[in-house]
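Right, one structure below, let's go through it.
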2 protein chains.
Amino acid sequence: MTPEYITRTEKVFPSLTKGMKKVAEALLHDPYSFVIHPAKQIGSITGVSETMVIRFCKALGYDGFSQLQETLKQEMLKFDSPIPLDDYVPTPFTTNIRGDLDLIESNLQQLNTSELSSVVERIIKSERVIVVGYYQSNAFAYWLFFNLNYITGNAHLYRPETDARLLDLTPPNSCVIVFSFYRYAMDTIRFVKEAKNKGITVIVITDSHVSPVVQYADHIVLIRLGRASLLRKGPVTLSVINSILAEAANQIEEKGVTPASYKYFIKDGEEKNDHYDFD
Amino acid sequence: MTPEYITRTEKVFPSLTKGMKKVAEALLHDPYSFVIHPAKQIGSITGVSETMVIRFCKALGYDGFSQLQETLKQEMLKFDSPIPLDDYVPTPFTTNIRGDLDLIESNLQQLNTSELSSVVERIIKSERVIVVGYYQSNAFAYWLFFNLNYITGNAHLYRPETDARLLDLTPPNSCVIVFSFYRYAMDTIRFVKEAKNKGITVIVITDSHVSPVVQYADHIVLIRLGRASLLRKGPVTLSVINSILAEAANQIEEKGVTPASYKYFIKDGEEKNDHYDFD
DNA sequence: ATTATAGTGAAGCGTATAATTCATTTCAAG
DNA sequence: CTTGAAATGAATTATACGCTTCACTATAAT
């Protein structure tokens with residue numbers, strides 16, 4: 001799906017004057033400049049006057065520079081993976097899912113893989129892994145706990161109603177994985193603080209650098225939500241968790257620490273395993 | 001090399017006022033918006049006034065909004081324009097996430113949207129919505145329960161240890177949403193059977209037409225997993241759930257049944273809401 | 001309850017930038 | 001050359017946006 005402004009430019013290009021062609025080339029070569037610079041500066045960059053820049057915009061069929069800039073901004077806003085499926089009718093459902101796809105894609109591109117490696121390493125080395133997440137994040141915590149428990153067998157889901165003194169009984173070589181998303185629950189902060197005081201490694205999975213728990217974190221996994229709806233964090237977070245789980249399973253298998261029965265967890269298309277009593 | 005504006009924000013964050021903190025979070029979440037939107041619009045996005053946005057900029061040590069925007073533009077020029085796609089190294093993490101993307105995409109293309117519409121309609125009409133999911137599926141059940149409860153306020157998560165006789169006390173105009181993934185828990189089947197006998201509508205979200213609960217289902221939402229790893233069901237299922245939630249919220253809003261405060265749930269980039277106490 | 005203080009937003013002002021107008025330059029045809 | 005039409009940019013006008021001021025509101029202390 002080539003953006004509107006490109007097709008327009010190509011169409012009118014032959015009929016443009018010399019000065020306008022300069023501007024046209026600049027637009028195709030470096031559209032980003034048109035977003036962040038004023039028209040006059042575009043002019044000086046391309047070696048023409050501000051007037052010429054505006055003329056060019058009108059030649060494209062826009063009202064003026066402002067309108068072109070506006071469409072460019074819109075264009076830049078949507079993430080650069082417009083997968084065009086020709087004859088498909090968008091419904092509220094499909095457009096919503098596409099929104100999830102876009103968000104995962106953009107997170108993928110900015111993923112801090114070295115931090116994830118450290119997290120996996122820490123998980124594997126830990127005698128015990130305690131997972132915490134309140135409210136919405138409880139779904140994430142449960143997913144990580146359940147599946148990690150299946151891989152390592154030493155995961156624990158923190159439940160405040162029963163695990164009051166849990167941290168006192170936690171072996172020193174353990175870690176805590178906390179999900180902390182906007183807006184931040186007080187209980188999460190208290191728990192993490194206590195863990196940190198006891199010398200337990202703290203891994204935070206969050207959507208914000210300024211989440212109050214970050215100050216106690218040894219490792220931070222950042223999920224970038226941008227201005228996405230609060231529901232969107234679901235799929236992308238689970239996907240990132242999965243990448244951690246899969247790599248953990250992978251490494252454990254390589255080191256031969258673990259029965260082969262976990263194998264199918266790792267790669268797609270492998271045999272399913274009968275011992276896994278599901279849901 | 002973390003950008004200047006991030007370090008500054010993190011540094012002053014604790015000393016900021018409530019309104020300024022909103023802006024601060026928006027900046028860290030979505031710096032791009034600060035480049036392409038005027039201050040007033042940043043204000044309306046974050047739910048504060050233009051003045052507050054400018055105050056925040058000054059609190060960071062900038063002259064005002066203009067100067068912050070200028071530094072952001074510089075920052076984006078550095079990052080954004082040279083996208084060296086060649087030097088992107090696939091890691092186990094990124095390839096894994098790409099696998100999730102592929103699965104969601106393929107589900108998207110085969111999505112039964114009319115069935116989803118029926119499901120949404122049923123949810124909206126129901127006096128009560130009981131969500132059930134054992135083992136791995138508990139994560140899905142919780143996600144649906146929590147968020148639906150925020151939209152409609154009448155969602156209930158079935159917990160066997162406390163909800164023994166729940167179905168007897170359930171009003172007739174209700175529905176049950178069950179997550180049933182391979183391999184199928186006996187408890188799920190028993191529960192669904194009972195619900196069906198009591199005349200309660202049964203909605204099943206499953207990965208198989210031959211799941212034992214399908215025979216009791218009034219509506220079936222099929223998640224196609226193919227031979228994908230058992231972890232992969234996570235993101236795609238959450239994404240489908242989201243599409244249901246978003247559409248439900250959408251319709252409820254349209255009909256005006258519900259306070260406007262739920263609005264931000266529906267579309268990306270809408271106002272955030274203070275009443276949502278998170279995680 | 002009362003008052004002081006901090007927090008916040010609406011309205012007006014000033015500047016930066018876009019758009020228009022018009023004068024100058026360029027260039028091709030006779 | 002000369003001339004007229006097209007091309008271009010400088011100057012002018014209009015507008016949008018950031019910034020300041022000030023009045024109002026929430027919060028905390030007494």
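Sequence lines set the chain letters: A, B, ... in the order given, protein chains first and strands last, and positions in each chain run from 1.
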(request) Would you please name every residue forming a side-chain hydrogen bond (donor to acceptor under 3.5 Å, both in side chains) with B/S126, sequence neighbours left out? (result)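 Scan of B/S126 (side-chain hydrogen bond (donor to acceptor under 3.5 Å, both in side chains), adjacent residues dropped) gives B/R122.
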(message) Please enumerate all residues that pass side-chain hydrogen bond (donor to acceptor under 3.5 Å, both in side chains) together with A/T237, with sequence neighbours excluded.
(response)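 A/T237 satisfies side-chain hydrogen bond (donor to acceptor under 3.5 Å, both in side chains) with no other residue.
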(request) Would you mind checking if B/E50 and B/R55 are paired as a salt bridge, meaning a charged N to carboxylate O distance below 4.0 Å? (result)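 Looking at B/E50 together with B/R55, the answer is no, because their closest N to O distance does not fall below 4.0 Å.
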(request) Enter the distance from B/S15:OG to B/K21:NZ here, rounded to the nearest 0.5 Å. (result)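 B/S15 OG to B/K21 NZ: 8.0 Å, rounded to 0.5 Å.
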(message) Among residues 57-70 of chain A, which ones have heavy-atom contacts with DNA chain D below 4.0 Å?
(response)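 Residues of residues 57-70 of chain A under 4.0 Å from DNA chain D: none.
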(message) Going by the rule side chain to side chain contact (heavy atoms under 4.5 Å, CB included), which residues pair with B/T17 if we only count those two or more places apart in sequence or in a different chain?
(response)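 Counting only residues at least two positions away or on another chain, B/T17 forms a side chain to side chain contact (heavy atoms under 4.5 Å, CB included) with B/M20, B/M52.
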(message) The criterion is side chain to side chain contact (heavy atoms under 4.5 Å, CB included); which residues satisfy it with B/R128, sequence neighbours excluded?
(response)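 Expected list: B/H156, B/L166, B/T170, B/P171, B/S174.
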(message) Within the structure provided, determine whether A/T201 and A/H219 are in side-chain contact (heavy-atom separation under 4.5 Å).
(response)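 They are in side-chain contact.
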(request) Keeping the roles fixed (side chain from B/D100, backbone from B/P235), state whether a donor-acceptor pair exists under 3.5 Å. (result)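 Flag not set: sc B/D100 to bb B/P235 has no pair under 3.5 Å.
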(request) Return the orientation label for the B/Y142 and B/F146 ring planes: parallel under 30°, perpendicular over 60°, tilted otherwise. (result)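 Geometry flag for B/F146 against B/Y142: parallel rings.
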(request) Give me the residues of residues 9-28 of chain A where at least one heavy atom lies under 4.0 Å from an atom of DNA chain C, by number, or none. (result)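 Under 4.0 Å from DNA chain C: no residue of residues 9-28 of chain A.
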(request) Using the test salt bridge (Lys or Arg N to Asp or Glu O under 4.0 Å), find all partners of A/R159 that sit at least two apart in sequence or belong to another chain. (result)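 So A/R159 forms no salt bridge (Lys or Arg N to Asp or Glu O under 4.0 Å) with any residue.
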(message) Suppose we screen for salt bridge (Lys or Arg N to Asp or Glu O under 4.0 Å). Which residues come up paired with B/E70, at least two apart in sequence or across chains?
(response)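 Here no residue qualifies.
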(request) Would you kindly check whether a donor in the side chain of B/E50 faces an acceptor in the base of D/dC17, or vice versa, at under 3.5 angstrom? (result)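 By the distance-only test, no, there is no pair.
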(request) Identify the 5'-most and 3'-most nucleotides of DNA chain C with at least one atom closer than 4.0 Å to a non-hydrogen atom of chain B. (result)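 So the outermost contacting nucleotides come out as C/dG7 to C/dA10.
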With 3.5 Å as the limit, what N/O pairs link the protein to nucleotides 21-26 of chain D?
none

(message) If I take atom CE in residue B/M52 and atom C1' in nucleotide D/dC19, what distance separates them, rounded to the nearest angstrom?
(response)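 Value for this atom pair: 14 Å.
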(request) Identify, with sequence neighbours excluded, every residue that meets ring-ring contact (aromatic ring centres under 6.0 Å, His included) alongside B/F65. (result)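 Partners of B/F65 under the ring-ring contact (aromatic ring centres under 6.0 Å, His included) test: none.
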(message) According to salt bridge (Lys or Arg N to Asp or Glu O under 4.0 Å), does anything in residues 194-203 of chain A pair up with another residue at least two apart or in another chain? List the pairs.
(response)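 Of all non-adjacent pairs touching residues 194-203 of chain A, those that pass salt bridge (Lys or Arg N to Asp or Glu O under 4.0 Å) are A/D168-A/K198, A/E194-A/K198, A/K196-A/D218.
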